[in-house]
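Below, read A as the first sequence line, B as the second, and so on, with proteins coming before strands; counting in each chain starts at 1. Model, not experiment: these values are computed from the prediction. Because only heavy atoms are used, hydrogens play no part in the values below, and waters and symmetry mates are left out as well, while side chains stay in.
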Amino acid sequence: MRMSKLVGRRIKEDPKDAKTVSHKFLIRGGYVRPVSAGIYSLLPVGKRIVEKIERIIREEMDRIDGQEVLMPVILPAELWQESGRFTSVGQELLRFKDRNDKDMLLAMTHEEAVVHLVRTEVSSYKQLPVMLYQLQTKYRDEARPRAGLIRVREFTMKDAYSFHVSQEDLEAYYVRAHEAYERVFKRVGMKNVLSIEANSGMMGGSVSHEFMAVCDCGEDTIITSPDYSYRANREIATAAWTFAKSAPLALEKVHTPGRKTIEEVAEFVGVTAEQTGKAVFYQNVRTGELIFALIRGDFEVNESKLGNVAMASELKFADDAAIRAIGCEPGYASVLSVDPAKVKIIVDRSVAESSNLVVGANEADYHFKNYNFGRDTDGARVTVADIATVREGDPCPLTGAPLTMVRGIEVGNIFQLGTKYSAAMECNFLDQNGKSHPMIMGCYGIGVGRAMAAVIEQSCDEFGPVWPMSIAPYQVQLCALNPGKDGVGEAAEALYAELLVAGIEVLFDDRGEKAGFMFSDADLLGIPLRVVVSPKSLAEGKVEFRTRSSRDTELIDCKAIMGVLKERIKEALN
RNA sequence: CGGGGCGUAGCGCAGUGGCUUAGCGCGUCUGCUUUGGGAGCAGAAAGUCGAGGGUUCGAUCCCCUCCGCCCCGACCA
């Protein structure tokens with residue numbers, strides 16, 4: 001490709017809105033252009049990168065016996081009504097009506113569509129297992145798109161769905177899918193991807209993992225032990241907490257005028273936050289049910305864990321009116337007097353296993369000292385669970401070593417779905433005995449554009465992206481410096497022609513721009529290998545060669561350059 | 001959905017209740033000169049000043065409404 005004809009201008013200055021490096025460089029390098037909030041066009045160089053990522057994904061999916069299909073972006077609401085998601089999913093699902101006033105939707109994921117396909121095409125245990133995948137546009141009407149391609153509304157996703165006769169078979173396949181994902185992220189050139197335990201939400205005992213590209217701009221928080229043996233999303237991470245027990249003392253009511261927060265109460269009573277219990281009221285958004293969460297004062301409630309325990313997919317803080325409506329005093333609510341008939345009570349282990357805590361008295365300006373869960377609360381009427389948010393330095397549940405936190409971009413997700421969709425939508429198979437069962441499903445996703453952005457986050461310098469050879473838009477950048485002089489143009493043209501014949505992907509800067517201008521553009525394009533033809537070196541029968549990742553230049557004999565390039569490309573692709 | 005910010009040439013930004021023609025830098029086009037990290041000179045094209053309404057003799061500027069975009073938070077199958 002000739003740069004004089006390449007569509008997609010490079011921009012000298014950072015776009016004012018962009019905060020993350022991938023966002024800046026994707027715009028500045030002419031890879032993508034915004035069309036609307038969270039909706040982007042891919043320009044030629046961006047499209048080439050995406051295609052290479054997709055090719056790698058296809059190869060790895062085929063390797064684990066995947067079969068590529070293509071399902072529609074637009075689906076009839078009926079299909080989603082079968083699974084119940086037409087009504088259960090919120091506003092991220094874009095619904096609309098066609099000319100016949102029929103409810104339609106833009107697919108944000110394809111479980112329903114793939115089940116629709118499989119339940120008519122597959123009916124015998126002899127045909128199972130099968131895995132179908134596609135690379136298809138997804139639309140999610142995100143409330144807040146951000147950070148360029150990291151969180152968008154419209155994007156290409158590789159989504160795969162496997163169907164099995166048994167949980168054991170699913171689990172065996174899940175391991176293969178996990179390995180395939182590791183190969184994909186390694187091959188696209190991500191330097192640091194962790195698979196971590198993820199929140200399975202309301203799916204019951206199912207297992208899921210997220211693949212996280214580690215980088216500071218990531219939206220998720222990953223909890224790991226120092227040796228990485230434990231890796232989990234903070235939403236579900238736990239720790240090997242131990243709590244000090246001591247002999248219970250008598251309950252004692254204390255006057256705590258105006259003290260509501262843990263800090264105020266602890267200071268006033270003369271104890272540490274560890275010696276207090278904190279009551280937090282939540283409300284299940286869907287059902288309106290109130291939840292009383294009790295946790296030791298120095299911990300924070302983890303809403304994901306609480307939601308899982310409380311079987312609530314969406315929680316919010318309860319307002320004071322709702323709290324008063326069940327007879328509690330906001331700021332002084334007490335586990336000692338709260339009515340389990342009116343509110344679901346969930347007590348964190350940190351409270352259940354501690355002694356002599358300061359808790360609310362359910363009366364303005366009063367607290368109780370020496371609360372002991374086992375003695376003072378009827379355990380049969382409350383749920384004891386782990387609802388605490390892990391903190392940096394808490395002990396690892398596997399090794400006991402202090403846990404650390406890093407940020408990550410979720411680039412992939414694998415999930416043991418079970419029969420949630422197959423049962424609801426009657427996707428059954430007949431076993432050896434002619435008996436019908438719902439198929440056991442798994443699903444596996446990769447965000448393609450997000451993966452491209454994540455590679456930049458992990459592989460760039462101050463001048464632009466440094467693309468790995470496997471997904472670089474071109475393999476070689478050929479620059480003609482001062483092409484009107486001393487046969488430079490002719491020599492560069494000849495080398496360009498030779499590269500094309502050799503099947504090497506080459507971007508030829510034939511514009512005759514000033515050196516600085518040309519090099520800055522080249523850096524923004526991040527092409528791994530660069531050859532400069534200039535009057536200076538050509539006079540000695542040489543060209544200049546360097547890689548994008550190092551800034552050292554080597555002089556190579558004109559006759560030898562093709563060999564060097566072929567060698568470097570081969571090396572880099574292995 | 002809550003909080004904040006911004007909409008003026010392709011991009012980044014000034015600016016003003018009237019100055020008979022809205023500027024600056026970058027980019028674009030023409031010509032010349034130039035060629036090792038985003039050159040110089042000369043000339044040119046390019047704007048419904050986000051939309052609608054109001055105040056006013058007169059609005060890009062003041063007021064109201066709406067729309068769009070960005071940032072923080074909430075949310076995220």
Side-chain angles (χ1 to χ4, degrees), chain A residues 8-20 23 27-28 30 33-40 75 80 83-95 105-113 138-148 150-153 155 157 159 198-203 208 210 217 219-220 233 235 285-286 303-304 307 313-317 410 413 415 417 420-421 443 445 447 462-464 479-486 488-489 509 511-524 530 532-538 544 546 551 553 555:
Chain A
R9 70 171 86 241
R10 269 73 49 202
I11 298 167
K12 190 171 169 180
E13 273 142 33
D14 282 341
K16 60 166 180 169
D17 303 326
K19 296 276 182 286
T20 59
H23 189 189
I27 300 292
R28 285 190 53 198
R33 290 289 177 250
V35 176
S36 184
I39 298 180
Y40 287 84
L75 296 172
W80 280 53
S83 69
R85 288 207 291 191
F86 191 67
T87 46
S88 71
V89 174
Q91 287 191 301
E92 319 85 71
L93 178 62
L94 185 58
R95 303 158 171 91
L105 59 92
L106 285 186
M108 53 197 288
T109 174
H110 278 83
E111 281 80 9
E112 286 82 356
K138 299 283 181 277
Y139 187 86
R140 298 179 185 188
D141 215 2
E142 293 283 351
R144 189 158 101 76
R146 76 187 102 186
I150 304 288
R151 177 163 295 267
V152 289
R153 294 197 293 176
F155 59 100
M157 183 178 191
D159 47 324
N199 190 7
S200 306
M202 297 288 288
M203 301 295 189
S208 76
E210 290 164 343
C217 73
E219 297 183 287
D220 290 275
N233 194 306
E235 289 177 346
V285 173
R286 195 143 293 153
E303 281 189 33
S304 308
S313 58
E314 206 179 335
L315 291 172
K316 64 170 188 182
F317 286 121
E410 184 189 341
N413 174 289
F415 203 102
L417 274 179
K420 180 181 162 81
Y421 297 93
C443 68
E462 61 185 294
F463 305 105
C479 298
L481 180 57
N482 206 349
K485 223 172 145 186
D486 302 338
V488 165
D509 194 339
R511 299 172 300 172
E513 291 288 352
K514 301 250 315 177
F517 192 88
M518 190 165 60
F519 294 149
S520 297
D521 271 358
D523 287 343
L524 280 171
R530 184 181 307 172
V532 180
V533 183
S534 75
K536 201 165 68 184
S537 44
L538 191 63
E544 296 152 46
R546 54 167 277 191
R551 301 189 75 76
T553 300
L555 284 176

Could you check whether any side-chain heavy atom of [X] comes within less than 4.5 Å of a side-chain heavy atom of [Y], counting everything from C-beta outward?
X: F86(A); Y: E112(A); answer: no
X: K138(A); Y: D159(A); answer: yes
X: D521(A); Y: E513(A); answer: no
X: H23(A); Y: I150(A); answer: no
X: D141(A); Y: Q91(A); answer: no
X: R10(A); Y: S520(A); answer: no

Taking atom [atom1] in both [N] and [M], compute the distance separating them and give it to the nearest angstrom.
N: G15(B); M: C6(B); atom1: P; value: 12 Å
N: A14(B); M: G7(B); atom1: C1'; value: 15 Å
N: A44(B); M: C49(B); atom1: C1'; value: 23 Å
N: C41(B); M: G53(B); atom1: P; value: 46 Å
N: C71(B); M: G12(B); atom1: P; value: 14 Å
N: C69(B); M: U56(B); atom1: P; value: 35 Å
N: A46(B); M: U35(B); atom1: C1'; value: 29 Å
N: C62(B); M: G18(B); atom1: P; value: 12 Å

Using whole Å, what does the distance between atom [atom2] of nucleotide [N] and atom [atom1] of [X] come to?
X: E210(A); N: C76(B); atom1: CD; atom2: P; result: 13 Å
X: R144(A); N: C76(B); atom1: CZ; atom2: P; result: 15 Å
X: D14(A); N: C71(B); atom1: CG; atom2: P; result: 14 Å
X: R9(A); N: G12(B); atom1: CZ; atom2: P; result: 12 Å
X: N233(A); N: C76(B); atom1: CG; atom2: C1'; result: 12 Å
X: D141(A); N: C75(B); atom1: CG; atom2: P; result: 18 Å
X: R146(A); N: G5(B); atom1: CZ; atom2: P; result: 20 Å
X: E142(A); N: G73(B); atom1: CD; atom2: C1'; result: 15 Å

Please confirm whether the backbone N or O of A37(A) pairs with a side-chain atom of R153(A), one donor and one acceptor, at under 3.5 Å?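 Looks like yes, one N/O pair under 3.5 Å.
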When you measure from the side chain of R33(A) to the backbone N and O of Y40(A), does any donor-acceptor pair fall under 3.5 Å?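 No, R33(A) side chain to Y40(A) backbone: no donor-acceptor pair under 3.5 Å.
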Under 4.0 Å between a side-chain nitrogen and a carboxylate oxygen: does that hold for D523(A) and R530(A)?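 Salt bridge between D523(A) and R530(A), a charged N being under 4.0 Å from a carboxylate O: yes.
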Does the distance from a Lys or Arg side-chain N to an Asp or Glu carboxylate O, for K420(A) and E111(A), drop under 4.0 Å?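 No, no charged N to carboxylate O under 4.0 Å.
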Runs of at least three consecutive pairs that involve RNA chain B, where pairs are Watson-Crick or G-U with distances under 3.5 Å: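 Stems (3+ consecutive pairs) listed as B:1-7 with B:67-73, B:10-13 with B:23-26, B:28-32 with B:40-44, B:50-54 with B:62-66.
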Using a 4.0 Å heavy-atom cut-off, does [X] contact any base of the nucleic acid, only the sugar-phosphate backbone, or nothing at all?
X: G512(A); value: base
X: E513(A); value: base
X: E235(A); value: nothing

Trace of the side chain to side chain contact (heavy atoms under 4.5 Å, CB included) decision for N482(A) with V488(A): CA-CA 7 Å; N482(A) 206 349; V488(A) 165; 5.6 Å; no
Measure all distances between protein nitrogen or oxygen atoms and nitrogen or oxygen atoms of nucleotides 65-70 of chain B, and list the pairs falling under 3.5 Å.
{"unit_1": "C69(B)", "atom_1": "OP1", "unit_2": "S36(A)", "atom_2": "OG", "d": "2.8"}
{"unit_1": "C69(B)", "atom_1": "OP1", "unit_2": "A37(A)", "atom_2": "N", "d": "3.0"}

Do R151(A) and C76(B) have a side chain to base donor-acceptor pair shorter than 3.5 Å?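 Under the 3.5 Å cut-off, the side chain and the base do form a donor-acceptor pair.
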Spatial distance of atom CZ (R95(A)) from atom CH2 (W80(A)) [nearest 0.5 Å]: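 With rounding to 0.5 Å, CZ (R95(A)) is 8.5 Å from CH2 (W80(A)).
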Approximate separation, where rounding is to 0.5 Å, of L481(A) CG and K536(A) NZ: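 L481(A) CG to K536(A) NZ: 8.5 Å, rounded to 0.5 Å.
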Show each protein N/O and nucleotides 36-42 of chain B N/O combination with a separation under 3.5 Å, one pair to a line.
{"unit_1": "G36(B)", "atom_1": "O6", "unit_2": "S534(A)", "atom_2": "OG", "d": "2.1"}
{"unit_1": "G36(B)", "atom_1": "O6", "unit_2": "E544(A)", "atom_2": "OE2", "d": "2.7"}
{"unit_1": "G36(B)", "atom_1": "N1", "unit_2": "E544(A)", "atom_2": "OE1", "d": "2.4"}
{"unit_1": "G36(B)", "atom_1": "N1", "unit_2": "E544(A)", "atom_2": "OE2", "d": "2.9"}
{"unit_1": "G36(B)", "atom_1": "N2", "unit_2": "E544(A)", "atom_2": "OE1", "d": "2.6"}
{"unit_1": "G37(B)", "atom_1": "O4'", "unit_2": "G516(A)", "atom_2": "N", "d": "3.4"}
{"unit_1": "G37(B)", "atom_1": "O6", "unit_2": "R546(A)", "atom_2": "NH1", "d": "2.8"}
{"unit_1": "G37(B)", "atom_1": "N1", "unit_2": "D523(A)", "atom_2": "OD2", "d": "3.1"}
{"unit_1": "G37(B)", "atom_1": "N1", "unit_2": "R551(A)", "atom_2": "NH2", "d": "3.2"}
{"unit_1": "G37(B)", "atom_1": "N2", "unit_2": "D523(A)", "atom_2": "OD2", "d": "2.2"}
{"unit_1": "G38(B)", "atom_1": "O2'", "unit_2": "K12(A)", "atom_2": "NZ", "d": "2.7"}
{"unit_1": "G38(B)", "atom_1": "N1", "unit_2": "D521(A)", "atom_2": "OD1", "d": "2.9"}
{"unit_1": "G38(B)", "atom_1": "N2", "unit_2": "D521(A)", "atom_2": "OD1", "d": "3.1"}

